[in-house]
Amino acid sequence: MDTATSPAVDRIARVLAGQHLSANGHGESESASAQVAATWRDYRDDAIAVLHTLRAPSPAMAAAGDVAIWERMVLAAIEEARPGIVM
C-alpha cells in the first residue's frame with residue numbers, strides 16, 4: 001500500500017477547498033487549482049473536524065479491520081495537525 005507524503009489534515013483541507021471553489025463541486029471556478037492552492041489552509045479547522053468524526057469507525061469499517069489501530073491512526077493524524085491538542 002502506498003503512503004501519502006503530506007499530512008492527512010492538509011489533504012482533507014485541499015479537498016474541502018476544491019469542493020467549495022471548483023465547478024466540479026459546489027463552486028463556480030472551471031479551473032480552481034490556483035484558488036485552492038491559495039486558500040486550502042483556511043479549511044484546516046474543517047479538516048480537523050472531519051478527522052475527529054472519523055475516530056469512531058462505522059460498523060462496516062470496524063468489520064473490515066482493527067478498530068484500535070484505526071483510532072490510533074486517526075488520533076495520530078489529529079496530533080500531527082495540532083500537536084498537544086488531541087481530544
Side-chain angles (χ1 to χ4, degrees):
M1 172 180 247
D2 292 334
T3 58
T5 59
S6 61
V9 70
D10 294 355
R11 290 179 284 127
I12 294 168
R14 287 177 187 276
V15 168
L16 293 173
Q19 179 72 10
H20 179 75
L21 298 166
S22 174
N24 291 330
H26 298 290
E28 297 178 5
S29 180
E30 291 295 326
S31 180
S33 62
Q35 290 174 291
V36 169
T39 64
W40 70 266
R41 288 171 188 82
D42 297 338
Y43 294 85
R44 288 185 94 246
D45 286 342
D46 293 334
I48 291 168
V50 168
L51 286 170
H52 276 283
T53 299
L54 287 174
R55 285 182 302 171
S58 69
M61 293 166 68
D66 187 310
V67 173
I69 291 173
W70 173 263
E71 182 181 28
R72 287 195 307 270
M73 291 173 73
V74 173
L75 289 174
I78 295 168
E79 173 68 20
E80 183 177 41
R82 289 202 171 148
I85 307 181
V86 173
M87 294 179 210

Q: Identify the two heavy atoms, one from Leu51 and one from Val9, that lie closest to each other, and give their separation to 0.1 Å.
A: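 That closest heavy-atom pairing would be CD1-CB, 4.1 Å.
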
Q: Looking only at heavy atoms, which two atoms of Met61 and Pro57 are closest? And how far apart?
A: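 Looks like CB-CB, 3.7 Å.
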
Q: Who are the side chain to side chain contact (heavy atoms under 4.5 Å, CB included) partners of Ser6, not counting sequence neighbours?
A: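 For Ser6, the residues satisfying side chain to side chain contact (heavy atoms under 4.5 Å, CB included) (neighbours in sequence not counted) are Arg11.
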
Q: Not counting sequence neighbours, list each pair that qualifies as a side chain to side chain donor-acceptor pair (under 3.5 Å) and has a residue in residues 66-76.
A: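 Listed by first then second residue: nothing to list.
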
Q: For Arg44, what residues pass the salt bridge (charged side-chain N to carboxylate O under 4.0 Å, His left out) criterion, not counting sequence neighbours?
A: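 Asp10.
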
Q: Is the shortest side-chain heavy-atom distance between His20 and Thr39 below 4.5 Å?
A: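 They are not in side-chain contact.
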
Q: To the nearest 0.5 Å, what is the distance between CG (Leu21) and CG (Leu16)?
A: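 Leu21 atom CG to Leu16 atom CG measures 10.5 Å (nearest 0.5 Å).
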
Q: To check you understand the geometry: which heavy-atom pair defines the closest contact between Arg14 and Val36, and what is its length?
A: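 So the two residues come closest at O-CG1, 3.8 Å.
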
Q: Looking at every heavy atom in both Ala13 and Ala47, which two are closest together, and how far apart are they?
A: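 The pair with the smallest heavy-atom distance is N-CB, 3.7 Å.
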
Q: Please enumerate all residues that pass salt bridge (charged side-chain N to carboxylate O under 4.0 Å, His left out) together with Asp46, with sequence neighbours excluded.
A: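 So Asp46 forms no salt bridge (charged side-chain N to carboxylate O under 4.0 Å, His left out) with any residue.
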
Q: Remaining members of Val67's ILVMFWY cluster at a side-chain heavy-atom cut-off under 4.5 Å?
A: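 Noted: Val67 shares its cluster with no other residue.
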
Q: CG/Leu75 to CZ/Arg55 distance, rounded to the nearest 0.5 angstrom?
A: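 The CZ atom of Arg55 is 6.5 Å from CG of Leu75, to the nearest 0.5 Å.
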
Q: Test question: given the 4.5 Å side-chain rule for I, L, V, M, F, W and Y, name all other residues clustered with Ile69, or answer none.
A: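 Noted: Ile69 shares its cluster with Met73.
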
Q: Cluster question for you: counting only ILVMFWY and a side-chain heavy-atom cut-off of under 4.5 Å, with indirect links fine, are Val15 and Tyr43 together?
A: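 No, because Val15 and Tyr43 fall into different hydrophobic clusters, even though each may have its own neighbours under 4.5 Å.
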
Q: When rounded to the nearest 0.5 angstrom, what distance separates CG in Asp45 from CZ in Arg82?
A: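 So the gap between those two atoms works out to 4.5 Å.
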
Q: Of the non-hydrogen atoms in Ala77 and Ala8, which two are nearest, and what is the gap between them?
A: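 Nearest pair, atom of Ala77 first, then Ala8: CB-CB, 4.1 Å.
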
